[in-house]
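Worksheet: one structure, shown below.
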Amino acid sequence: MKPDMLRPILCGILSLVLIGGTAVHGQTLKERYPTMAPLAQYMMDQSAEIALARSAAPKSISEGAEVLLLGSGGFDVGVKGANGWTCLVERSWNAAVDFPEFWNPKIRAPICFNPAAVRSVLPVAIVWAKMVLAGQSQAQMASQAKAAFDAKKMPALEPGAMGFMMSKDGYLTDDHPHFHPHVMFFEPLGEGPQWGANLPGSPIFAGDDNVNRMSILPVPVPRWSDGTQDSEPAN
């Protein structure tokens, strides 16, 4: 698939940073998932969750990474790591708060964060999971996140923060469950133009997560983490 053909899809997904709704049989996704499903629907068998989390990145990275597992109170360490990376399976609520599939229990988004992202992006994902599992509404979570950032209780985004999302077994959205393998870069809010993002012919895409105060830049890559070719390459 040519980059310019991919652009509407990738800018729409931005790997769990969707804005707006998609009609599905006359019903928008937001209407399909208006509230949180029973917690059990978001949970996984631990062995399967470890394997899926590690599938986000090549084995040379993921085999030595720490793995987080979702429990009833949030993400906890399931496997200790040794290389500074952390892999986990994000759920729907790790998207932007106005993502129309924010409560979609089918979403499983494996990601492996590099050390800079472990220190500055992963804490945000952990906090959101805790707020969700404490029963807070989207409005309450957005308000608390704003207050935490205003009070500088959230870590500053570190230069070089990025993550691998190269699993062929993830489920990102109902419209595009598997999408394409890609790597994610996390930059200060509004930095997309500095990367030449969203311009004709550019392989860089960008979307802003205003609540979490970062720009997310997914870059498609031609192979999945197991080394196999993407059947519909993005470039």
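What you see is a predicted model, and the numbers here were worked out from it, not measured in a lab.
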Point-to-point distance, once rounded to the nearest 0.5 Å, from CD of Gln194 to CG of Leu217: 11.0 Å
For Gln140 and Ser137, indicate whether the former's side chain and the latter's backbone hold a donor-acceptor pair under 3.5 Å. yes
Parallel, tilted or perpendicular: which describes the rings of Phe186 and Phe113, with under 30° parallel and over 60° perpendicular? tilted
Quick check: are there more than 12 heavy atoms from other residues, nucleotides or ligands sitting under 6.0 Å from CD of Gln46? no
What pair of heavy atoms forms the shortest contact from Ser120 to Ala156, and how long is it? CB-O, 3.2 Å
Does the side-chain contact (heavy atoms from CB on, under 4.5 Å) test come out yes or no for Met162 and Val183, once each step is laid out? CA-CA 7 Å; Met162 58 84 65; Val183 295; 4.2 Å; yes
Nearest-0.5 Å distance that lies between atom CD1 in Ile111 and atom SG in Cys87: 9.5 Å
In terms of side-chain heavy atoms, does Asp169 have a donor or acceptor partner in Ser55 at a distance below 3.5 Å? no
Kindly say whether Val89 contributes a backbone atom to a donor-acceptor pair with the side chain of Arg91 at under 3.5 angstrom? yes
Does Asn104 use its side chain to pair, donor to acceptor, with the backbone of Thr173 at less than 3.5 Å? no
Identify the two heavy atoms, one from Leu172 and one from Ile107, that lie closest to each other, and give their separation to 0.1 Å. O-CD1, 3.4 Å
With distance as the sole test, does Asn94 use its side chain to make a donor-acceptor pair with the main-chain N or O of Ala125 at under 3.5 Å? yes
Please name the residue in the list Val118, Val67, Val79, Val77 that meets the side-chain contact (heavy atoms from CB on, under 4.5 Å) test with Thr86. Val118
Minimum-distance pair of heavy atoms, taken over all atoms of Ala142 and Trp128: N-CH2, 4.0 Å
Sequence neighbours excluded, which residues qualify as side chain to side chain contact (heavy atoms under 4.5 Å, CB included) partners of Arg213? Lys146, Phe149, Asp150
Atom CG of Leu88 and atom CD1 of Ile50: how far apart are they, to the nearest 0.5 Å? 12.5 Å
Assess the residue pair Glu66 and Arg54 against the criterion (salt bridge (charged side-chain N to carboxylate O under 4.0 Å, His left out)); give the C-alpha distance rounded to whole Å, side-chain angles, the decisive distance to 0.1 Å, and a yes or no. CA-CA 9 Å; Glu66 191 152 285; Arg54 290 196 188 282; over 6 Å; no
Derivation and outcome, ring pair (Phe, Tyr, Trp, His ring centres under 6.0 Å), residues Tyr42 and Trp93: CA-CA 10 Å; Tyr42 299 94; Trp93 54 69; 4.9 Å; yes
Flag the pair Asp226 and Lys59 as a salt bridge only when some basic side-chain nitrogen lies within less than 4.0 angstrom of an acidic carboxylate oxygen. no
Does any non-hydrogen side-chain atom of Leu189 lie less than 4.5 Å from one of Met214? no
Supply the atom-to-atom distance Ile204 CD1 to Leu199 CG, rounded to the nearest 0.5 angstrom. 10.5 Å
d(Leu68 CG, Leu122 CG) to nearest 0.5 Å is 5.5 Å
Between Tyr171 and His178, how do the two ring planes meet: parallel, tilted or perpendicular, split at 30° and 60°? perpendicular
How many angstroms lie between atom CE of Met165 and atom OG of Ser225, to the nearest 0.5 angstrom? 11.5 Å
Using every non-hydrogen atom in the two residues, find where Trp224 and Met166 come nearest and quote the distance to one decimal. CE3-O, 3.4 Å
Which heavy atom of Arg108 sits nearest a heavy atom of Gln41, and at what distance? NH2-O, 3.0 Å
Determine, step by step, whether Asn114 and Glu158 satisfy the side-chain contact (heavy atoms from CB on, under 4.5 Å) criterion, reporting the C-alpha distance in whole Å, the side-chain angles of both residues, the deciding distance to 0.1 Å, and the verdict. CA-CA 11 Å; Asn114 75 344; Glu158 291 193 17; over 6 Å; no
Of the non-hydrogen atoms in Ser215 and Gly190, which two are nearest, and what is the gap between them? OG-N, 2.8 Å
